[in-house]
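Quick notes on the structure that follows.
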Amino acid sequence: MTMFKSMAFAGTVAALSSLSFAWSINGTVSTKAGQPLEGVKISSFNYANVETTSAADGKFSLVYDEVGLQVMQSVKASVQFNYNVITISGIKAQTLTVSVMDALGKVAFSKTQHNVNGSVSLDLNKTTAKGAKFLRINADGNRGTYQLGKTVTLLKEGDPLPTIMFAKEGYNNFSYTMKSFTEENVQITMEKASSNPTSSSQIAASSSSAKPESSSTVASSSSKADEVIINCAGKTYQAGDHKMSVNVDGKNRTFIMHVPSAYKGDKPVPLVVDYHPVMGSGQGQLNGTTYKAQTDPEGVISLYPDGTKSADSRKMGPGWNVGPCCSDDDDVKFSREMIKAVEEKVCIDKKRVYATGFSMGGGMSNHVACFMSDVYAAVAPAGMDLNKTNSAQCNPDRPISIIMFRGTNDNVCRYQGGDSGFNDGLNFLGAEGNFQFWAQKNGCTGSPSKNSNGCNEYSNCKDGTKVVLCTKQGGGHEQGDGKVGWPFLKSFTLP
C-alpha cells in the first residue's frame with residue numbers, strides 16, 4: 001500500500017453527517033461480428049433502480065451515486081495509511097474493532113481493543129491479511145468501511161461489487177461482474193438467441209382450436225408403471241406471456257405463465273417453475289433464463305413467479321423466504337397454490353413438474369427440493385446453495401434428483417461457501433458441501449464420477465435418483481446451462 005490521505009470516521013455521537021458511496025461503468029455492447037448493438041437494456045443485478053439503454057453506437061454508461069452510510073460524529077478520528085501501517089488517531093471509544101477483509105468480504109484479520117482514547121496502529125506486515133482490499137472500523141457500533149487502493153473510498157456497510165445484466169430481445173442475456181468500483185471502456189459481446197421470446201403483445205392462437213373430447217393418458221415411471229389419466233378437455237390456451245395471480249394468506253401473489261406456440265392443449269406437458277434472483281422479478285427471469293429456448297419447442301409450460309420484500313426495510317428484496325434473508329412470506333405455499341392454479345388452465349403432467357432458478361432463485365429451487373419433493377420431480381439450481389438455516393430443516397419426503405450449476409469465481413455466493421458477506425444472515429454450505437448434502441439425503445453410495453457433460457455425478461442413489469454438480473472453472477455468478485439442465489430434468493418423473 002502507498003501513502004493515502006486521512007479520512008474522517010465517527011468516534012462518538014453528536015452531529016449527523018453523510019458520506020456518499022458510488023460506482024460507475026461505461027463501455028460498448030456489440031455482436032460477435034463486432035456490430036454495435038442499440039437498445040440493450042442494462043441494469044444491475046444487485047443494486048435496485050439502476051438502469052440504462054445502449055445508444056445507436058452501442059455505447060452505455062451506468063452510474064450509481066447515493067448518500068450511503070450516515071454517521072453521528074463529534075470527535076473526528078483520522079484514518080491514515082502509510083505503506084502497510086494503518087493508524088487511527090483522535091478516537092475515543094469503549095470498544096474499537098478493526099478488521100481487514102479481502103475482495104470477497106472475508107475477514108482476514110480482526111483486532112478489538114477496549115477503552116481507547118487516542119490512537120491505534122495496525123501493521124499488516126505482522127498479520128495474515130494478504131490481498132487486503134477493505135478496512136472496517138467499528139467504534140461503539142458506529143461503522144465505516146474503507147476501500148484500499150489508489151484512492152481511499154468509504155463504502156456503505158456490506159456493499160458487494162456490482163453485477164451488470166445486459167438484455168435484448170433476440171439475444172442471449174449476458175451478466176458481467178465488475179472487478180472494481182470504477183470501470184471504463186468495457187467491451188460486452190452478446191450472442192444471438194436460438195429462438196426469440198414470445199411477448200404478450202405477440203399472442204398467437206393455438207393451432208389446435210378445437211377442444212379435445214377425449215382424455216389423454218401418460219405412463220408413470222414408477223416401478224408399478226401405474227397409468228395416470230389426465231383430462232385435457234378445455235385446456236387449449238393462447239401462446240404468449242400471461243400475467244396471473246393467486247391469493248396466499250390474504251396477499252395477492254403474482255407470476256407469469258409462459259405458453260409456447262408449440263403447446264396444443266391436446267396432451268399433458270411438463271411444467272417448469274423458474275425462480276428469479278434477489279431484487280429481480282418474474283419478467284426479468286423470463287428474459288434471462290437459458291431453459292425457455294430448450295423447453296419452448298417441446299410445448300412445455302413455464303412459470304416465472306415474483307418474490308416479495310420483507311417488512312424489514314434493511315433487508316434486500318424482492319426475494320424468497322429461504323432463511324434469514326429477504327422475504328417474510330410462505331413461498332412454498334405460494335408455489336403450491338400457483339401450480340394448482342395453472343393445472344386448472346393448461347394440461348400439465350403432474351408427474352413432470354420441475355424447478356430451476358438463478359442466484360436466490362437457485363437457493364429457492366434447492367429449498368423446494370427439501371419441502372416440495374411431492375410436487376417437483378427434479379430441480380436445477382444455479383448460483384446458490386442451501387444455507388445452514390434451511391439445510392438444518394431439510395427433510396424431503398423422498399429422494400429427489402438435482403443438478404447444480406456453480407462457478408468457481410462466483411463473488412455473490414462463493415463456491416467455497418460460508419458467510420455471504422452481505423450482512424443478511426445467510427451462511428452457505430458451498431458448492432461441494434451442497435453436493436455432498438444432497439448425496440447423503442438421496443442415499444447415494446460410492447464415489448462421484450464425471451458424466452458426459454464433464455459434471456461430477458452420483459448415479460448410484462435411492463429410487464434411481466441422481467445428484468450432479470456442474471462446476472465452471474473461472475465462472476462467475478451466472479445462470480445455469482439449460483442445454484445441460486433440461487435433458488437432465490425431463491429424464492425424471494414422480495414415482
Side-chain angles (χ1 to χ4, degrees), residues 41-51 160 162-167 172-175 177 197 199-200 241-246 248 251-258 271-293 295 301-310 315-323 325-332 334-335 338-339 342 354-369 372 376 379-385 387 404-405 410 412-413 420 422 424 426 476-482 485:
K41 293 182 179 179
I42 305 166
S43 59
S44 172
F45 153 69
N46 47 358
Y47 289 88
N49 304 318
V50 186
E51 58 183 29
T163 295
I164 311 301
M165 307 296 289
F166 297 81
N172 293 328
N173 283 19
F174 185 85
S175 64
T177 299
S199 67
S200 57
D241 300 333
H242 305 273
K243 293 183 178 181
M244 297 185 173
S245 65
V246 290
V248 181
K251 179 179 289 188
N252 195 46
R253 298 298 302 272
T254 57
F255 63 95
I256 296 172
M257 180 176 74
H258 173 75
L271 176 69
V272 175
V273 180
D274 205 332
Y275 296 97
H276 67 71
V278 67
M279 298 174 70
S281 66
Q283 183 64 56
Q285 184 62 10
L286 185 151
N287 294 337
T289 185
T290 62
Y291 284 82
K292 187 158 59 65
T295 58
I301 304 294
S302 52
L303 305 182
Y304 303 89
D306 293 312
T308 57
K309 291 184 178 181
S310 170
K315 294 183 178 181
M316 293 188 294
W320 307 104
N321 191 2
V322 296
C325 171
C326 302
S327 171
D328 304 322
D329 294 305
D330 189 338
D331 290 314
V332 168
F334 166 43
S335 297
M338 173 180 63
I339 293 169
V342 168
Y354 309 100
T356 186
F358 167 52
S359 192
M360 182 163 281
M364 183 62 184
S365 46
N366 267 289
H367 188 70
V368 296
M372 294 182 67
Y376 289 116
V379 299
M384 190 163 284
D385 315 310
N387 62 76
M404 298 159 271
F405 295 92
D410 190 333
V412 175
C413 183
S420 71
F422 298 152
D424 51 17
L426 294 176
H477 194 63
E478 52 194 84
Q479 297 270 0
D481 187 347

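- Using a 4.5 Å cut-off on side-chain heavy atoms (C-beta onward), I164 and I42 make contact.
- Each of D274, V272, V273 was compared with L303 under the side chain to side chain contact (heavy atoms under 4.5 Å, CB included) criterion, and only V273 meets it.
- Residues G362 and P381 approach most closely at O-CB, 3.2 Å, considering heavy atoms.
- For the atom pair OG1 (T290) and CG (N172), the distance works out to 8.5 Å, reported to the nearest 0.5 Å.
- T289 contributes no side-chain N or O that, together with a main-chain N or O of L286, makes up a donor-acceptor pair within less than 3.5 Å.
- The shortest side-chain heavy-atom distance between S335 and M364 falls under the 4.5 Å cut-off.
- Here the closest heavy-atom approach between residue A369 and residue V379 is recorded as CB-CG2, 3.9 Å.
- Contact check for F334 versus D329: no side-chain heavy atoms found under the 4.5 Å cut-off.
- Listed for the T356 side chain is a donor-acceptor partner under 3.5 Å among the backbone atoms of A380.
- Listed here is the closest heavy atom pair of V278 and C326: CG2-SG, 3.8 Å.
- Across every non-hydrogen atom of A382 and Q479, the tightest pair is CB-C, 4.1 Å.
- No donor-acceptor pair under 3.5 Å is formed between the side chain of S43 and the backbone N or O of E51.
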Please walk me through it: do R253 and D331 pass salt bridge (charged side-chain N to carboxylate O under 4.0 Å, His left out)?
CA-CA 10 Å; R253 298 298 302 272; D331 290 314; 2.9 Å; yes
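- Nearest heavy atoms, H276 versus P305: CD2-O, 3.1 Å.
- At a threshold of 4.5 Å between non-hydrogen side-chain atoms, the residues F358 and Q285 count as touching.
- Residues C413 and G383 share a closest heavy-atom pair of CB-O, 3.4 Å.
- Taking 4.5 Å as the limit, every side-chain heavy atom of H367 sits out of range of all side-chain heavy atoms of W320.
- Between the OG atom in S302 and the NZ atom in K292 there is a gap of 7.0 Å [rounded to 0.5 Å].
- Partners of K309 by salt bridge (Lys or Arg N to Asp or Glu O under 4.0 Å), not counting sequence neighbours: none found.
- When each of T254, N252, D306 is tested with S245 by the rule side chain to side chain donor-acceptor pair (under 3.5 Å), just one qualifies, namely N252.
- Listed by chain and number, the residues in a ring pair (Phe, Tyr, Trp, His ring centres under 6.0 Å) with Y354 are W486 (sequence neighbours excluded).
- From I256, atom CD1 reaches atom OH of Y304 across 9.0 Å, with rounding to the nearest 0.5 Å.
- With sequence neighbours left out, the side-chain hydrogen bond (donor to acceptor under 3.5 Å, both in side chains) criterion links T295 to no other residue.
- Ring geometry, Y376 versus Y275: the interplanar angle exceeds 60°, so the pair is classed perpendicular (tilted spans 30 to 60°).
- One finds the CE atom of M384 at 15.0 Å from the CE atom of M404 (value rounded to the nearest 0.5 Å).
- Inter-residue side-chain proximity for M257 and I301 is flagged as met; some heavy-atom pair is nearer than 4.5 Å.
- Between the side chains of T308 and S327, at least one donor N or O lies within less than 3.5 Å of an accepting N or O.
- For the atom pair OG (S359) and CD (E478), the distance works out to 11.5 Å, reported to the nearest 0.5 Å.
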